[in-house]
Amino acid sequence: MTERSDRVVYTVEDGVADVRLNRPEKMNALDPAMFAALIEVGEELKGDSRVRAVVLSGEGRSFCAGLDFGSFQAMAGDSTREAAPVGLKGGRITAAGQQAVYVWTEIAAPVIAAVHGHALGGGFQLALGADIRVVHPEAQMSVLEIRWGLIPDMTGTQFLPRLVGLDVAKELTFTGRMVSGLEASEIGLATRLSENTRDDALGLAYEIASKSPQAIQGAKELLDMAGQVSLEEGFAAEQRHIHSLIGSPNQVEAVKAFFEKRPAAFLDAD
């Protein structure tokens, strides 16, 4: 694996970035080094034109068990836990702890979280930063911050209601109760269930990577706009994207490959 940090490792093969949290002895708990590694790797992938899909998973027994208890005291005065705008850098709308999640939403290619074991607190919010969540039926997920007298502060308050609705988001946040993978599927947290989350997430990623990257990235951008902008802006964006795609090399290749019954050979996105 290509190692960018001892906390997060990844490879890129056939357009798919296989990203793994690499702290299995601590159930991939979040400490300052993990925050920094998540941001570093996410920023690298944002600039990599080869990447057509991303799978984010955790080594060992869990996806991510949340904040490392040993880091509570150290992080009390760290910018990763400070409120915006104190932690902002380079024009970001996020503080560093938020950017560890938000960076995955900024990647043009779809991001798939493969969730097994535990996804708690910050780990739960990290899964929310993905476009798609493949979750083990026996996974344990929780907005755990209330247990420690805290609130979700890694973008979760903004993203969770989009998935489960405002009332369910409040109930989960106010109680901090555990949600199984099975319940996660029922309430909209899990896109699909799997007994082999990483394998199935990678399979889905390779399927997505086989499609025109410009069309996939355009569709992601448009879908992310839904409900966040006016219909006028959304409709206008649709028209911009469709006019940029029709007759483009990859759109022509998609049609030719279909009728010639062969895999398409798409050019990477710019």
Side-chain angles (χ1 to χ4, degrees), residues 7-8 19-39 41-42 56-84 87 94-105 111 113-130 133-136 138-164 166 168-184 187-190 197:
R7 291 290 191 263
V8 179
V19 183
R20 305 188 185 194
L21 280 64
N22 190 39
R23 202 185 181 203
E25 73 284 359
K26 294 288 188 177
M27 296 172 65
N28 299 311
L30 299 163
D31 63 357
M34 183 70 87
F35 280 111
L38 284 165
I39 295 171
V41 170
L56 182 62
S57 65
E59 295 283 27
R61 295 185 294 127
S62 288
F63 175 71
C64 177
L67 185 62
D68 187 336
F69 275 98
S71 298
F72 262 121
Q73 193 66 35
M75 296 179 83
D78 189 277
S79 65
T80 60
R81 312 305 290 180
E82 289 177 3
T94 57
Q98 294 167 327
Q99 188 64 15
V101 172
Y102 193 65
V103 69
W104 302 96
T105 74
V111 177
V115 180
H116 74 292
H118 296 84
L120 309 177
F124 179 95
Q125 293 175 83
L126 182 59
L128 297 183
R133 279 154 296 282
V134 179
V135 180
H136 193 283
E138 297 178 1
Q140 295 290 296
M141 307 176 74
S142 173
V143 191
L144 200 63
E145 283 80 3
I146 195 64
R147 178 182 294 180
W148 319 120
L150 299 172
I151 60 164
D153 68 331
M154 291 170 58
T155 75
T157 60
Q158 303 306 297
F159 291 148
L160 181 59
R162 296 190 196 180
L163 296 175
V164 300
L166 182 58
V168 175
K170 287 179 177 179
E171 185 257 333
L172 294 176
T173 303
F174 297 163
T175 65
R177 69 179 180 84
M178 289 290 176
V179 175
S180 70
L182 185 60
E183 183 181 355
I187 65 176
L189 275 175
T197 55

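Worth knowing before you read on, the calculation uses all heavy atoms, side chains too, and leaves out hydrogens, waters and symmetry mates. Numbers for residues simply follow the sequence, beginning at 1. The structure displayed is predicted, hence computed values, not measured ones.
Panel note: side chain Q158, backbone T155; no donor-acceptor pair is recorded below 3.5 Å.
Among residues two or more places apart in sequence or in another chain, the side-chain hydrogen bond (donor to acceptor under 3.5 Å, both in side chains) test is passed with S62 by H118. Under the side-chain hydrogen bond (donor to acceptor under 3.5 Å, both in side chains) criterion, S57 pairs with R198, not counting sequence neighbours. Under the side-chain contact (heavy atoms from CB on, under 4.5 Å) criterion, S142 pairs with L120, L144, M178, not counting sequence neighbours.
Annotation: side chain of V8 is in contact with side chain of V19 (closest heavy-atom distance under 4.5 Å). Side chains of N22 and R7 form no contact here, defined as non-hydrogen atoms less than 4.5 Å apart. Between E145 and F124 the shortest side-chain heavy-atom distance does not fall below 4.5 Å. M34 is not listed as a side-chain neighbour of D68, based on a closest heavy-atom distance of 4.5 Å or more. Taking the side chain as every heavy atom from C-beta outward, V115 and H136 never approach each other to under 4.5 Å. At a threshold of 4.5 Å between non-hydrogen side-chain atoms, the residues F159 and T105 count as touching.
Remark: K26 does not engage D31 in a salt bridge, criterion side-chain N to carboxylate O under 4.0 Å.
To the nearest 0.5 Å, atom CG of residue L160 and atom CG of residue L189 are 6.0 Å apart. Of the inter-residue distances, the one linking Q98 atom CD with T157 atom OG1 reads 8.0 Å to the nearest 0.5 angstrom. How far CG of L67 is from CG of D153: 9.0 Å, rounded to the nearest 0.5 Å. Residue C64 holds its SG atom at 9.0 Å from CE of M27, rounded to the nearest 0.5 Å. Here the CG atom belonging to L182 is positioned 10.0 Å from the CD atom belonging to E138, to the nearest 0.5 angstrom. Atoms CD1 and OG1, on I39 and T94 in that order, are 7.5 Å from each other to the nearest 0.5 Å.
The minimum heavy-atom distance linking H116 with T197 is given by the pair CB-OG1, 3.9 Å. The minimum heavy-atom distance between F35 and A100, with the atom names listed, is CD2-CB, 3.7 Å. Taking every heavy atom of both residues into account, A190 and G181 meet most closely at CB-O, 4.4 Å. When all heavy atoms are compared, the tightest approach of L21 to F63 is CD2-O, 3.8 Å. For the residue pair R133 and L128, the shortest heavy atom distance occurs at NH1-O, 3.7 Å. Of all non-hydrogen atoms in G122 and M154, the two that sit nearest each other are CA-SD, 3.7 Å.
Counting non-hydrogen atoms of other residues, nucleotides and ligands closer than 6.0 Å to CD of E171 gives a total above 12. The 12-atom threshold is not exceeded at CZ of R61, counting heavy atoms of other residues, nucleotides or ligands nearer than 6.0 Å.
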